[in-house]
Amino acid sequence: MSAISLVGAAKDFGLRTLFADLDLHVGERDRLGLIGPNGAGKSTLLRVLAGLEPLDRGERRCHSRTRVVLLDQEPRLDPSLTVLEQVFAGDGEAMALLREYAGVSHQLASGAEDGQLLARLSALQHRMDGCQAWDLERRCREVLERLGIDAAHQERTIGELSGGNRRRVALAAALVAEPEVLLLDEPTNHLDAEGVEWLQSYLDRFAGALVLVTHDRYLLDRVTRRIVAVERGEARPYEGNYGTYLGLKAAEEEAEASTAAKLKGTLRRELAWLRQGPKARSTKQKARLQRIDALLEAPARQGRTSLAMAATARRIGKRAITAEGLAVAVGDRTLLRDFSYDFSPEDRVGIIGPNGVGKSSLLEVIAGRRPPSGGLLELGSTVKLAYFDQHSDVLLARDGKRKVIEVVQEAASRVQVDGVELTASQLLERFLFPPAQQHQPVAKLSGGERRRLHLCRLLIEAPNVLLLDEPTNDLDVHTLSVLEEFLDDFRGCVVVVSHDRWFLDRTVDRLFHFEDGKLERFEGNYSSWLERGAGSPVQGMGPRRAAAAREPAKRSTSPARVPAAGPRRRSFKEAKELERLETELPQLEQQRRELEQHLAAPSGPDYARLEELTHDLAALVERIHAAEERWLVLSELAA
């Protein structure tokens, strides 16, 4: 039985059709994932399912008693309510009592000494005893804490909170409402890794129907059982989770490529017949012409728009970023102390840790937006740095009335990409902005499209050091896949702050994790870090965070994730690293033999030269040992 049904549904935005003739049924225990490019209509489809957006054609069917809750990307909360009052805004007697109780408690806590308020509070407590409202309050507080809203913040008003905390409050309110249908639009935005892991386990246990839009591919793979791809005015269903969808999609595109090749062959034969055929057979020639016209139209209907990013980085020297005894503070609070590290030109570094520990502040210091509170930070003389921060809404505030193409042309009117000169318009087309959209104001773009425009604006400047702060927020799954491939080929240093486990696994080979104001180094990607959870990386976390860090490695079952039993599969990035090490190790051994021969050869009393060679040999031996240990770790992983 369906909880919500769309029959013959259609929605148009001006000249653009988001979806047409759509039949979609959400069952009572369905687990549905919506994917597609930014601006394709995923958020609009969620609002249609929630009954908040009218259809242009077709019908939405939903029983009046079915409770549907939507977590929007920009939730509308009452700024005058406290956090608890907002979370208690759901239906039911217990929620109503909790809402009233929180309001009276807030008034008393504000200093109001009123005998009537005290009497009202006492009466509310008595009524709450009879409907298990206390258990509901405890559950609400626990959900808030799991999502990063501590007890102190729970008593504040919504108007006092940051944008990220408001999103977490809205998510908590949606979860504790326990509706029959839960619609979530990018629920992992502004959650740290621990919060995402907890949310994943919560959704596993959720009893109702779930429709999910998310860029977190591990979450999508774990909790969904059906995928609907929204693109180019179509919504196509695929049975299975995200991993199954990838396999089906690959087979589908392979079949379409084969069909396209056959069509080209048919076109060539038809055109050859027309050139050679007798002119007298005019009726058949006319039929052939009509057939060719039909064939020429077919590829246009089957063609798929794809995002193409190509590395445009300029040359970088031997040194990228040097930090010595670096300290970062915000106000009176020290976030980081005594951090020293030389970022190499080819580094792929991820920085992880809970919300609020200082990850973004560290990137701001490296980017020069914030001065360090201590220590030394130097950039190489050839460094051209680009900082992709979390605030692409700056484009809306600063450039909302400007045309899309003007924002890019401001950085450069032309750019060299793999030896080919592209105009700003051609580069925008590679980023899925067609010519018609390039002349629209920035304000008309969706949140994800603004993020994509922000990324295009940065990359046209050809940086060789990329600082990425939560780059996966609001970007669609396909754009993330292409961005990951871009970073594979990027000739420069990349430093990533992210809670996206899939993205970290694909793009970094070294982690720094915040622990008590220090950055602890770990060699490997995020899955490797979780696998070592019983060791040093989890020490100092506390029991709740340590358990959350270990949990995904224990319960992972999806083919796209690390299985609990058997060897972990080697990632694409690790496979490339293994190939590099297999080439590099023999060269290092040859260098060692040459140094040893120089030391063994008679050289007279040149003690300075002998000391220099001895120092070089010691450093080389240490490098060989580190490379061999890394090779052993990678070679033991399943291919």
Side-chain angles (χ1 to χ4, degrees), residues 1-14 16-76 90-92 170-171 173-187 202-214 219-242 244-245 248-249 252 446 476-477:
M1 181 177 177
S2 295
I4 303 176
S5 292
L6 300 181
V7 180
K11 186 69 179 178
D12 300 324
F13 274 0
R16 184 171 56 154
T17 298
L18 296 182
F19 49 86
D21 297 322
L22 171 63
D23 291 337
L24 181 62
H25 304 280
V26 181
E28 292 180 345
R29 290 285 308 227
D30 219 342
R31 292 289 189 274
L32 182 63
L34 298 181
I35 65 172
N38 294 128
K42 303 185 297 296
S43 297
T44 301
L45 183 52
L46 280 185
R47 292 181 61 80
V48 167
L49 288 170
L52 301 176
E53 186 82 32
L55 287 168
D56 294 326
R57 295 179 299 281
E59 183 182 1
R60 173 185 179 268
R61 298 173 184 171
C62 180
H63 197 283
S64 60
R65 289 198 296 269
T66 299
R67 289 185 304 138
V68 182
V69 170
L70 167 67
L71 172 70
D72 217 336
Q73 285 198 46
E74 298 178 1
R76 296 180 181 178
D91 299 327
L171 175 58
L175 296 179
V176 300
E178 295 189 342
E180 280 81 18
V181 182
L182 181 59
L183 310 173
L184 299 180
D185 196 351
E186 296 292 356
Y202 185 96
L203 295 179
D204 278 341
R205 301 189 304 270
F206 178 64
L210 172 68
V211 183
L212 179 67
V213 172
T214 181
L219 180 66
L220 195 63
D221 192 56
R222 174 63 186 264
V223 303
T224 60
R225 299 177 196 144
R226 187 156 56 104
I227 298 292
V228 173
V230 183
E231 186 177 5
R232 298 179 298 112
E234 297 179 354
R236 304 184 63 182
Y238 297 84
E239 292 298 325
N241 63 3
Y242 181 66
T244 305
Y245 159 77
L248 293 172
K249 187 71 170 176
E252 185 179 277
S446 69
D476 61 79
V477 168

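Scope of the values below: all heavy atoms of this structure, side chains included, with no hydrogens, waters or symmetry mates. Everything numeric in this text was worked out from a predicted model, so none of it was measured.
- Looking at E28, its side chain never comes within 3.5 Å of a backbone N or O of A3 through a donor-acceptor pair.
- Put simply, the side chain of L184 reaches to within 4.5 Å of the side chain of L171, judged on heavy atoms.
- Counting heavy atoms from C-beta outward, Y242 and V477 have side chains that approach closer than 4.5 Å.
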> What do the steps show when you test E239 against T244 for side chain to side chain contact (heavy atoms under 4.5 Å, CB included), and what is the final call?
Replying inline: CA-CA 8 Å; E239 292 298 325; T244 305; over 6 Å; no
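- Of all the heavy atoms in A235 and V228, the pair that sits closest is CB-CG1, 3.9 Å.
- In this structure, R61 and S2 have side chains that are not in contact, with every pair of non-hydrogen atoms separated by 4.5 Å or more.
- If you take CZ on R236 and CD on E231, they are separated by 9.5 Å, rounding to the nearest 0.5 Å.
- Residues V48 and F19 meet the side-chain proximity criterion, which asks for heavy atoms closer than 4.5 Å.
- Remark: T17 OG1 to E234 CD distance equals 11.0 Å, nearest 0.5 Å.
- I35 has its side chain within reach of Y245: a pair of non-hydrogen atoms, C-beta onward, lies under 4.5 Å apart.
- Residues C62 and I4 come closest through the heavy atom pair SG-CG1, 3.9 Å.
- When every heavy atom of F206 is checked against every heavy atom of R29, the shortest pair comes out as O-NH2, 4.1 Å.
- Between the side chain of R226 and the backbone N or O of G33 there is no donor-acceptor pair closer than 3.5 Å.
- Remark: of the listed residues R222, R225, R31, R222 is the sole one forming a salt bridge (Lys or Arg N to Asp or Glu O under 4.0 Å) with D204.
- Annotation: the span from L212 atom CG to D30 atom CG amounts to 12.0 Å, rounded to 0.5 Å.
- The number of heavy-atom neighbours closer than 6.0 Å to CD of E53, taken from other residues, nucleotides and ligands shown, is above 12.
- Summarising the geometry, atom CD1 belonging to I227 is positioned 7.5 Å from atom CG belonging to L32; distances are rounded to the nearest 0.5 Å.
- With a 4.5 Å cut-off on side-chain heavy atoms, E186 and V213 count as touching.
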> R57 and D12: side chain to side chain contact (heavy atoms under 4.5 Å, CB included), yes or no, with the steps?
Replying inline: CA-CA 9 Å; R57 295 179 299 281; D12 300 324; 3.4 Å; yes
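- Side-chain contact between L49 and V68 is absent, with no heavy-atom pair separated by less than 4.5 Å.
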> Run the salt bridge (charged side-chain N to carboxylate O under 4.0 Å, His left out) check on R47 and D72 step by step: do they pass?
Replying inline: CA-CA 8 Å; R47 292 181 61 80; D72 217 336; 2.7 Å; yes
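- Partner of L182 under the side-chain contact (heavy atoms from CB on, under 4.5 Å) criterion, out of L203, L71, V211: L203 alone.
- Under the rule for a side chain to side chain donor-acceptor pair (under 3.5 Å), the partners of D476 that lie at least two apart in sequence or sit in another chain are T479.
- Counting heavy atoms from C-beta on, the side chains of L45 and L18 never come closer than 4.5 Å.
- Residues D185 and K42 are not paired through a salt bridge, judged by the lack of any N-O separation under 4.0 Å between the basic side chain and the carboxylate.
- For the pair P179 and A174, the tightest heavy-atom approach, listed with the atom from each and the gap, is CD-O, 3.8 Å.
- In terms of heavy atoms, V26 sits closest to A209 at CG1-CB, 3.9 Å.
- Residue S5 comes nearest to H25 through the heavy atom pair OG-ND1, 2.8 Å, listed as atom of the first residue, atom of the second, then distance.
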